[in-house]
Amino acid sequence: MGTHNINFSEQFEFTGKVKTLSIVGIALGIAAIAYGFIAGDKVMHERTFANLLLMGYYFACVCMSGMFFLAVQFVAQAGWSASILRVPQAMAKTLPIAAVILVVIISAGLYTHNLYHHWNADGLTDPNSPNYDALIAGKSVFLNVPFFLGRQVLFLGVYSFFAIMFVKLSYNEDLAGGLNSYRKSFKNACIFLVIYGFTTPIFAFDTIMSLEAHWFSTMFGWYNFAAMWVSSLATIAIIIILLRRAGYMQWVNNSHLHNLGQFIFGFSIFWTYVWFAQFLLIYYANMPEETVYFYRRFEYYKFWFFLNLAMNFLAPVLLLMDRDNKRTDVRLLFVSIVVLLGHWVDYYQMIMPGAVEDGHNGFGIIEIGTALGFVGLFTFTVLTSLSKKPLIAKNHPLLQESLHHQL
């Protein structure tokens, strides 16, 4: 496609069926959450909170990784992605909303003792209490409500600050041109990546691993990083493919899809490497305080355990191994949807055993409804953000390289 045929002012119109379906999804989510709290007992309340945490965390992680995508492109001075940056920018712009929702869910779960009860129950740190737990007492300096919530607010607040900054610099670049905004984005991306690299493992330790506070793994943070990163890549691919089908972003070609497919393929293997390394070390050492994590998942979540591997390793590796599959929008769209669903399964078997009593897990209205609600919310907020500005950063210094990108 010649550059003279490109409309550099093209904007997405968020109307019609997509907008209606996103609102319907939000309504179904609210109804499912209300059902879980009103119609259920304490076990149902825990299950509802677990699903809220799952989808709130997933929502925040995809938006965080959208911002990570932007930072990586700036630091690498990548040219291929210059014409598609508005999609991860829309995800990054939504991060403050996702951050607030996640903090509210965690705060409500702590206050009602429906989340993090492994370390937040009464008497666990009191030597005179019958509930005293020496291990939890030893971790109480780190795992206490004020410090825990403070870290959540700090990390998500810093990520949101950088997200807003990257988006503003890109919009300023549209207006002023030149290299000033790009250079500032490069410098801030370097700072952000250092902060992100040190804090995302702690964020994962806090939000997910502390649900089972007796267990720990130093690889858990990178396991979560791989999951959130590949989920974000799949989300970017889905949005771009669907926009192309709707008649937008016609400058995106099969080589751009090929790059996204390569990333999804490669980081699905990386996710599997970290998952298997963590599993093998624990299996081989055979220490009871470590094996309990996988024992519970074998005992009560065996179907989800193996489905996780099938969807997040076998499917992307086998389907994206072929070059043509990475360059074909129908096939890449299918694999990206499988990967997104697969990492829902991944988070499900991470969160549920630590948040819901053994044997009381389930899959039904609450799980499906809550997921639909957050998918609707993500769609509504991201596409609303995407519709505010042109779909291409017309003054990006590497735009011409992206418009003529060929593999």
Side-chain angles (χ1 to χ4, degrees), residues 46-47 50 53-54 57-58 61 115-119 133-136 138-139 142-143 197 200-231 234 264-321 338-363 367:
E46 288 182 350
R47 186 171 146 194
L53 179 64
L54 189 163
Y57 182 70
Y58 203 168
C61 285
L115 288 174
Y116 306 105
H117 40 264
H118 284 218
W119 58 266
D133 187 317
L135 187 59
I136 299 301
K139 297 181 178 183
F142 190 78
L143 288 179
T200 44
I202 303 172
F203 177 67
F205 294 158
D206 282 347
T207 313
I208 306 300
M209 196 172 75
S210 72
L211 288 166
E212 298 172 82
H214 282 187
W215 180 82
F216 63 91
S217 166
T218 55
M219 301 182 73
F220 192 81
W222 299 113
Y223 166 43
N224 268 258
F225 166 77
M228 66 175 75
W229 175 224
V230 78
S231 299
I264 295 169
F265 175 81
F267 281 98
S268 292
I269 294 175
F270 175 69
W271 174 88
T272 310
Y273 160 72
V274 180
W275 182 94
F276 184 70
Q278 178 177 262
F279 174 79
L280 187 64
L281 288 171
I282 291 173
Y283 177 82
Y284 184 78
N286 199 28
M287 298 169 65
E289 62 268 30
E290 293 181 348
T291 55
V292 64
Y293 181 85
F294 287 107
Y295 170 78
R296 297 179 74 188
R297 283 151 182 81
F298 275 133
E299 186 71 18
Y300 301 104
Y301 298 85
K302 185 174 288 187
F303 169 76
W304 300 103
F305 184 87
F306 289 106
L307 182 64
N308 183 28
L309 291 176
M311 296 182 76
N312 293 318
F313 172 58
L314 292 179
V317 168
L318 294 179
L319 294 176
L320 290 180
M321 192 177 294
V338 170
V339 167
L340 271 186
L341 293 174
H343 282 289
W344 181 92
V345 174
D346 188 23
Y347 288 132
Y348 180 86
Q349 61 87 42
M350 274 192 227
I351 291 170
M352 288 296 165
V356 180
E357 291 183 24
D358 290 341
H360 292 281
N361 56 294
F363 181 79
E367 285 71 23

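Model, not experiment: these values are computed from the prediction. Basis for what follows: all heavy atoms, side chains included, without hydrogens, waters or symmetry-related copies.
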State, yes or no, whether a side-chain contact exists between Leu211 and Tyr116 at a heavy-atom distance under 4.5 Å. yes
Does any part of the side chain of Leu314, heavy atoms only, come nearer than 4.5 Å to the side chain of Leu309, both counted from C-beta? no
Looking only at heavy atoms, the pair that brings Trp222 and Val274 closest together is C-CG1, 4.1 Å
Within the 4.5 Å heavy-atom criterion, are Trp119 and Ser210 side-chain neighbours or not? yes
Partners passing side-chain contact (heavy atoms from CB on, under 4.5 Å) against Leu281 (at least two apart in sequence or in another chain): Met219
With sequence neighbours left out, write down each residue that passes ring-ring contact (aromatic ring centres under 6.0 Å, His included) with Tyr58, or none if nothing qualifies. Tyr347
How about CZ on Phe298, more than 12 heavy atoms from neighbouring residues, nucleotides or ligands closer than 6.0 Å, or not? yes
So which atom in Ala355 and which in Leu115 form the shortest heavy-atom distance, rounded to 0.1 Å? CB-CD2, 4.3 Å
To the nearest 0.5 Å, atom CD1 of Ile208 lies from atom CZ of Phe203 at 8.0 Å
Are the side chains of Arg296 and Tyr301 in contact, using a 4.5 Å heavy-atom criterion? no
Taking every non-hydrogen atom, the tightest pair across Val339 and Pro316: CG2-CB, 4.1 Å
Who passes side-chain contact (heavy atoms from CB on, under 4.5 Å) against Thr272, sequence neighbours left out? Phe313
Is the shortest side-chain heavy-atom distance between Ser231 and Leu340 below 4.5 Å? yes
When you look at Asn224 and Tyr57, which way does the side-chain hydrogen bond (donor to acceptor under 3.5 Å, both in side chains) test go after all the steps? CA-CA 11 Å; Asn224 268 258; Tyr57 182 70; 2.9 Å; yes
Can you name the closest pair of heavy atoms from Gly354 and Glu212 and give their distance? CA-CG, 3.4 Å
Residues which pass ring-ring contact (aromatic ring centres under 6.0 Å, His included) with Phe294, listed by chain and number, not counting sequence neighbours: Phe279
By side-chain contact (heavy atoms from CB on, under 4.5 Å) - contacts of Phe267 (at least two apart): Trp229, Val230, Leu233, Phe263, Phe270
I need the minimum non-hydrogen distance between Ser217 and Phe205, along with the two atoms involved. O-CE2, 3.6 Å
Is there side-chain contact between Trp275 and Asn308, with at least one heavy-atom pair below 4.5 Å? yes
Can you name the residues that form a side-chain contact (heavy atoms from CB on, under 4.5 Å) with Phe363, not counting sequence neighbours? Trp304, Trp344, Glu367, Ile368
Walk me through whether Asp346 and Trp271 qualify under side-chain hydrogen bond (donor to acceptor under 3.5 Å, both in side chains). CA-CA 11 Å; Asp346 188 23; Trp271 174 88; 3.1 Å; yes
What closest approach, in Å, do Ile136 and Ala213 show between heavy atoms, and which atom pair accounts for it? CD1-CB, 3.6 Å
Does the Arg297 side chain pair with the main chain of Gln349, one donor and one acceptor, at a distance under 3.5 Å? yes
In the structure I gave you, are the side-chain heavy atoms of Met350 and Phe220 within less than 4.5 Å of one another anywhere? yes
Does Trp215 reach the main-chain N or O of Val292 with its side chain, forming a donor-acceptor pair under 3.5 Å? no
